[in-house]
Student: 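Got a structure for you, questions after.
Hydrogens, waters and symmetry mates are skipped; everything else that's a heavy atom, side chains included, is used. Note that ligands are numbered from 1 as they come in the structure, with each ligand's atoms numbered from 1 the same way. For reference, positions follow the sequence shown, starting with 1. These figures come from a predicted structure and were not determined experimentally.
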Amino acid sequence: MKTELLDASGLARAAELLRSGGLVAIPTETVYGLGANGLDESAVARIFEVKGRPQDNPLILHVAAAEDLTKWCRDIPAAAWTLTERFWPGPLTLVLKKRPAVPLRVTAGLDTVAMRCPDHPLTREVLRRAALPVAAPSANLSGKPSTTTAQHCIHDLWGKVEAILDGGPCRVGVESTILDLSVFPPRVLRPGGVTLEQLRALLPETELDPGLVKPGETPKAPGMKYRHYSPQAEVRLLRGEKERIDDYVNSLPDEGTAVLCFAGEEGRFPGKRTLAYGREDAPETLAAGLFDSLRALDTPEVKLICAMCPSEEGVGRAVVNRLKKAAGGKITCL
Ligand code: AMP
Ligand code: MG
């Protein structure tokens, strides 16, 4: 298939392709999404095919404005409007009871639907022009690190989708926070760009899903049970005192070992291939650099990636969540 590479001058084309059942990779502030008309079952089915995504992993429905919620959702609690007022457009996905118009293929058979209004000028304009809810998971092959640039999308999807819309690098860099509002108290199913602290400032009763708190439990967001965000190499997520981490990493062979470290700390690992993904004291920079760095280290020579674990505050919680998944669900405490 011929893939069109579009830019800001191609928004009408992107909307037309979506309206006619095509797949378009779209930029958002979190990661790139692989979009299709969310009301077109066969277009939605192609998202699963192209990504190699398990059928039981539901998609997020992207809309142009909060008002659209009433078209696709029912029994919307007041909290939803409080949150959309404060955080939309932005990196917060709300899980609500769905209306029958939303195809079960989008929700993987669930009676709830995940809704989001992304904050990217190009994609907002595409959503407005297409006048459709756009179903979109992250625009990567299933299991691989998410895409945060058009180049990443080209790498994973060229020749498999109708178009890729280049909107530059994603500002946030990790996926949206998923908050389940179909239950009470509201429950965070996936940490992301909007932090637990920000949510609790408005809704103090907000809980973290047990799967995000207790080791061994799986979070309720259906897709979170799968191995995710993983490069070819084994990822080992290291937490502990710096001297212990240095001893551990420096005892590993230089060949085949790479270190995903904090900016300015490359010198701690002489002889090793190092890549800084952001500043330890600025978790938003770690989020913004995470997937690009994991992809940059995904070369055949690299067999093991030792990743430095940041503190789980603010958006750092989302960074740790993604790294932990890339590391097969565990943190190596030294
Ligand atoms: P992705 O866009 O690839 O990050 O995947 C979307 C995420 O949203 C997956 O982890 C899904 O499990 C989650 N999700 C979508 N719909 C629902 C829903 N109705 N209930 C809970 N989680 C959902
Ligand atoms: Mg994904």
Side-chain angles (χ1 to χ4, degrees), residues 23 25-36 38 44 47-63 69 72-76 80 91-99 102-118 123 133-148 152-153 156-157 170 172-183 186-194 207-212 218-231 287 290-291 294-295 318 321-326:
L23 299 192
I26 49 174
T28 83
E29 79 284 23
T30 58
V31 300
Y32 275 70
L34 179 56
V44 172
I47 293 181
F48 287 89
E49 265 165 47
V50 164
K51 280 190 56 121
R53 184 177 177 96
Q55 296 286 340
D56 63 349
N57 192 359
L59 307 178
I60 295 173
L61 213 48
H62 294 69
V63 291
L69 280 184
W72 315 114
C73 308
R74 62 187 167 83
D75 304 340
I76 301 171
L92 177 66
T93 295
L94 300 178
V95 173
L96 295 160
K97 298 227 171 75
K98 82 172 197 72
R99 286 191 186 277
V102 177
L104 288 169
R105 205 180 275 274
V106 169
T107 68
L110 296 172
D111 185 38
T112 53
V113 60
M115 304 290 304
R116 176 162 121 78
C117 178
T123 287
V134 169
S138 49
N140 53 288
L141 298 180
S142 229
K144 292 284 138 199
S146 299
T147 46
T148 56
H152 297 162
C153 298
D156 280 21
L157 302 173
C170 300
V172 176
V174 290
E175 300 81 351
S176 60
T177 303
I178 301 182
L179 182 71
D180 190 351
L181 284 181
S182 72
V183 294
R187 178 169 284 188
V188 174
L189 304 182
R190 174 175 78 183
V194 169
E207 289 180 348
L208 268 185
D209 187 79
L212 298 172
T218 308
K220 209 185 133 215
M224 298 299 276
K225 67 173 182 262
Y226 296 106
R227 188 174 152 94
H228 259 81
Y229 318 117
S230 307
L290 178 65
F291 290 128
L294 281 175
R295 281 175 174 264
N321 172 269
R322 306 309 188 271
L323 277 170
K324 202 171 151 189
K325 291 228 171 309

Student: Near N57, which atoms of ligand 1 are under 4.0 Å from a heavy atom of that residue?
Tutor: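 Result: 9 (C), 11 (C), 12 (O).
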
Student: Salt bridge check: are K220 and D180 linked by an N-O gap of less than 4.0 Å?
Tutor: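 Here K220 pairs with D180 in a salt bridge, since their nearest N and O are under 4.0 Å apart.
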
Student: Taking heavy atoms and a distance under 4.0 Å, where does R53 meet ligand 1: side chain, backbone, both or neither?
Tutor: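 Side chain only.
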
Student: Hey, which atoms in ligand 1 end up nearer than 4.0 Å to a heavy atom of T112?
Tutor: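 By the 4.0 Å cutoff, the relevant atoms are 18 (C), 19 (N), 20 (N).
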
Student: Which of the atoms of ligand 1 are close to I178, meaning less than 4.0 Å from one of its heavy atoms?
Tutor: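 Going through ligand 1 atom by atom, the ones under 4.0 Å from I178 are 7 (C), 8 (O), 13 (C).
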
Student: Counting from 1, what ligand 1 atoms have a heavy atom of L59 closer than 4.0 Å?
Tutor: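 This gives 15 (C), 16 (N) as the contact atoms.
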
Student: Could you tell me whether T107 approaches ligand 1 through its side chain, its backbone, both or neither, with non-hydrogen atoms closer than 4.0 Å?
Tutor: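 Within the 4.0 Å criterion, T107 makes no contact with ligand 1.
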
Student: Look at the N, O or S atoms of S138, main chain and side chain alike, and state whether any lies under 2.8 Å from the Mg ion (ligand 2).
Tutor: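 A backbone or side-chain N, O or S atom of S138 is under 2.8 Å from the Mg ion (ligand 2).
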
Student: Which atoms of ligand 1 are found less than 4.0 Å from any heavy atom of L110?
Tutor: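 Under 4.0 Å from L110, ligand 1 has these atoms: 18 (C), 19 (N), 20 (N).
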
Student: Got a salt bridge between E49 and R105, using NZ or NE/NH1/NH2 to carboxylate O under 4.0 Å?
Tutor: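 Between R105 and E49 there is no salt bridge, as every charged N stays at least 4.0 Å from the carboxylate O atoms.
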
Student: Side chain, backbone, both or neither: which part of R190 has a heavy atom under 4.0 Å from ligand 1?
Tutor: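 Within the 4.0 Å criterion, R190 contacts ligand 1 through side-chain atoms alone.
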
Student: So between P54, P58, G109, whose heavy atom ends up nearest atom 15 (C) of ligand 1?
Tutor: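 Going through P54, P58, G109 one by one, P58 has the nearest heavy atom to atom 15 (C) of ligand 1.
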
Student: Looking only at distance, does S138 have an N or O less than 3.5 Å from an N or O of ligand 1?
Tutor: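 For ligand 1, there is an N or O atom that lies under 3.5 Å from one belonging to S138.
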
